[in-house]
Amino acid sequence: MNTLYRSTRETASHTMTSSQAILQGLTPDGGLFVPVTLPTADFDFEQLANMSYQEVAYEVLKLFFTDYTAEELHACIDAAYGNQFDAPAIAPVTKHGNQYYLELFHGPTIAFKDLALQILPHLMTTAVKKNHLESEIVILAATSGDTGKAAMAGFADVDQTKIIVFYPKDGVSAIQKQQMITQTGDNTNVVAINGNFDEAQTTVKQLLNDPQLRQRLADHQYQFSSANSINIGRLFPQVAYYVYTYAQLIHQGHIKNGDAVNFSVPTGNFGDILAGYYAKQLGTPIHKLVCASNRNNVLTDFFNTGTYDKNREFYLTSSPSMDILVSSNLERLIFYLTGEDPLATAQLMQDLQTKGSYTITPEMRANLADFWAGFVTENQDQDEIQHLNHAHHYTIDPHTAVASAVAKQYRNATKDQRPMVVVSTASPYKFPQAVLTAITGESTTVDGLTAVDQLHDLIQTPIPPTVTALRTAPVRHNRVAAVDKMGATIESILNLN
């Protein structure tokens, strides 16, 4: 079956292949690419249980990226998931207490984005050749902390590409910032903005679809694309680790084939949990996808009331990658809830843009049964980190703690005893100050590498090489821009003036 892609906001008459959609990133009408028809899978989980991560990834990606040959996909996968990961399993599944933890932080930037952003450059450069593209690809990305570093690590010095990343100057951890501003690669560019992630993301989406800017780029032999999870080349590789996790639970003897499991996912932009939704649609026995939020609990309210309302106070928390009030990938779920009605989807997205909110119909709400949502306060987040460390000698980062704590909320509220997998999205060494405060119960003013050393003394787990390298890495990026100057900054970087 050939999987083609369409926009969430226009009729299916205009379609693209997967490689074309990966190059495009965002649809011309401002919508997101979705499969015209969801692919079907006939997974043999007994067989998958004995496969490597790379082999499972191929079984998943061949369903979504059908215009790539088997040889091309295998080459992309092998290049993406190799010795740049410090765990041969790539995404190990461990158990602590009565919950399982899917560890997605063993890649080169110690965050879950590596699972997708190590493969995206290979998918994209292959797509460039397949489509005989002569323009240079300019990857434009907004980041709440992890996407930016992971994208730059993936695209650094990749031929025929440049990458420009915008991040909120005061909205990332010290280690996240240090990782970005020291990023090597002649084609990498990092810009701090005097604003929050939502402002950066909204502006990036507007710039991606600015016809005048697109024409100026074309005049200089450039073409925009995206590394955010709005790009299908970012989104669908994430489906693989849900399928792999289920297979590994069978392999480890924790479940029998066919037993349903739950996943609790720390959720900001909705891409990670949406990948779980697609995994379920492919036949992975997932009972509930638990949407876990921090104080910026716009998604919790949406799932519990049917109203999405971004008109609320924005909080800076110890889990900054989730400090988001406009969850872009939710549009794809909305599209499915409408019965794949692009006009209804476009209207709801227009309401969000103009009014700041929208409310779905009762019929649409009835189709949200795959999800359960909850949120935690900062104190509850810290309590969960402390509990795992003290009771099970297992140290987690603040984002994982959100998912771990909300998973327990779900179990208490529903009495559901099915196995629960907490999606662990970052190393604790990426947020050392918050983790130190949580474990010791005492507020600390140290941050950055000093906090890393203190945390290491406390937990005695190896400091990842990517963090150690920051000690001597020179600062290479120091641009700062106002939100309304992001377009001008891009033009300056690309010498379009």
Side-chain angles (χ1 to χ4, degrees), residues 1 3 35 37-66 70 73-74 77 81 85 87-104 106 112 115-116 119 235-265 272-292 336 367-372 400 403-404 407-408 410-411 414-425:
M1 173 182 159
T3 303
T37 303
L38 279 176
T40 56
D42 186 21
F43 291 141
D44 181 344
F45 281 100
E46 296 288 353
Q47 188 176 20
L48 293 179
N50 295 307
M51 288 186 179
S52 66
Y53 187 89
Q54 294 86 339
E55 290 168 329
V56 172
Y58 174 75
E59 294 300 316
V60 172
L61 295 185
K62 72 178 184 182
L63 303 172
F64 291 102
F65 302 149
T66 53
L73 270 184
H74 279 301
I77 289 166
Y81 307 120
F85 284 79
I90 306 299
V93 182
T94 62
K95 187 178 184 182
H96 306 278
N98 63 353
Q99 296 185 153
Y100 299 91
Y101 291 79
L102 168 59
E103 297 183 351
L104 299 178
H106 291 278
F112 80 104
L115 276 293
I119 194 171
L235 175 63
F236 291 123
Q238 295 178 261
V239 177
Y241 52 71
Y242 287 91
V243 178
Y244 177 75
T245 298
Y246 187 83
Q248 283 304 294
L249 290 174
I250 295 173
H251 180 76
Q252 295 173 14
H254 297 303
I255 63 171
K256 295 178 181 177
N257 189 9
D259 291 347
V261 301
N262 301 313
F263 282 86
S264 183
V265 190
D272 200 2
I273 196 167
L274 183 68
Y277 175 80
Y278 279 115
K280 181 169 182 175
Q281 302 310 303
L282 292 178
T284 308
I286 298 172
H287 176 61
K288 287 289 183 184
L289 291 158
V290 177
C291 179
Y336 295 123
N367 291 324
L368 287 175
D370 292 331
F371 296 90
W372 191 92
T400 305
S404 186
K408 293 173 182 176
Y410 168 78
R411 192 186 297 267
T414 65
K415 309 307 178 188
D416 182 358
Q417 296 302 308
R418 293 178 181 86
M420 173 66 75
V421 181
V422 174
V423 178
S424 184
T425 52

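Computation of the quantities below employed the complete heavy-atom set of this structure, encompassing side-chain atoms and omitting hydrogens, waters and symmetry-equivalent molecules. None of these values were measured; they are calculated from a predicted model.
- Put simply, CZ on Phe263 and CG on Asp272 are 10.5 Å apart, with the number rounded to the nearest 0.5 Å.
- Every residue meeting the side-chain hydrogen bond (donor to acceptor under 3.5 Å, both in side chains) condition with Lys408, not counting sequence neighbours, appears here in chain and number order: Glu384.
- How far OH of Tyr101 is from OG1 of Thr425: 12.5 Å, rounded to the nearest 0.5 Å.
- With hydrogens and angles disregarded, no donor-acceptor distance shorter than 3.5 Å links the side chain of Ser264 to the backbone of Val422.
- Annotation: the span from Phe64 atom CZ to Leu38 atom CG amounts to 7.0 Å, rounded to 0.5 Å.
- Shown here for Tyr81 and Pro237, the closest heavy-atom pair between the two residues is OH-CB, 4.1 Å.
- Atom-to-atom distance recorded for Asp259:CG and His287:NE2 is 13.0 Å, nearest 0.5 angstrom.
- Rounding to the nearest 0.5 Å gives a distance of 12.0 Å between OH of Tyr100 and CG of Asn262.
- Between Ile273 and Phe371, the closest side-chain pair of non-hydrogen atoms falls below 4.5 Å.
- Screening residues 41-51 for salt bridge (charged side-chain N to carboxylate O under 4.0 Å, His left out), with sequence neighbours left out, gives no hits.
- Ile77 places none of its side-chain heavy atoms less than 4.5 Å from the side chain of Tyr53.
- Of the options Leu102, Val56, Val60, Val265, a side-chain contact (heavy atoms from CB on, under 4.5 Å) to Tyr242 is made by Val265 and by none of the others.
- Tyr410 is linked by a side-chain hydrogen bond (donor to acceptor under 3.5 Å, both in side chains) to Asp416, counting only residues two or more places apart in sequence or in another chain.
- In this structure, the separation between NZ on Lys280 and NZ on Lys288 is 7.0 Å, given to the nearest 0.5 Å.
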**Q.** Residue pair Gln238, Phe112: steps toward the side chain to side chain contact (heavy atoms under 4.5 Å, CB included) verdict
**A.** CA-CA 9 Å; Gln238 295 178 261; Phe112 80 104; 3.4 Å; yes

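- The closest side-chain heavy-atom distance from Val421 to Leu249 is below 4.5 Å.
- Of all heavy-atom pairs between Ile119 and Leu61, the closest is CD1-CD1, 3.7 Å.
- Thr66 places a side-chain N or O within donor-acceptor distance of the main-chain N or O of Thr3, the cut-off being under 3.5 Å.
- In this view, Gln252 and His254 satisfy the side-chain hydrogen bond (donor to acceptor under 3.5 Å, both in side chains) rule, not counting sequence neighbours.
- For Gln281, there are no side-chain hydrogen bond (donor to acceptor under 3.5 Å, both in side chains) partners at least two apart in sequence or on another chain.
- Under the ring-ring contact (aromatic ring centres under 6.0 Å, His included) criterion, Tyr58 pairs with His74, not counting sequence neighbours.
- Minimum heavy-atom separation, Ala49 to Gln248: O-NE2, 3.8 Å.
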Q: Report the C-alpha separation of Tyr277 and Tyr336 in whole Å, then their side-chain angles, then the decisive distance to 0.1 Å, and conclude whether the side chain to side chain contact (heavy atoms under 4.5 Å, CB included) test is met.
A: CA-CA 11 Å; Tyr277 175 80; Tyr336 295 123; 3.9 Å; yes

Q: Applying side chain to side chain contact (heavy atoms under 4.5 Å, CB included), run through Phe45 and Thr284 and close with a yes or a no.
A: CA-CA 9 Å; Phe45 281 100; Thr284 308; 3.8 Å; yes

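- Closest approach of Leu289 to Gly276, counting heavy atoms only: CD1-C, 3.8 Å.
- Glu103 approaches His106 most closely through the heavy-atom pair OE1-NE2, 2.8 Å.
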(Q) Would Leu115 and Phe85 count as a side chain to side chain contact (heavy atoms under 4.5 Å, CB included) here? Give the steps. (A) CA-CA 10 Å; Leu115 276 293; Phe85 284 79; 4.0 Å; yes

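- At least one donor-acceptor pair closer than 3.5 Å links the side chain of Tyr246 to the backbone N or O of Gly258.
- Nearest approach of Glu55 to Met51, heavy atoms of both residues: OE1-CA, 3.2 Å.
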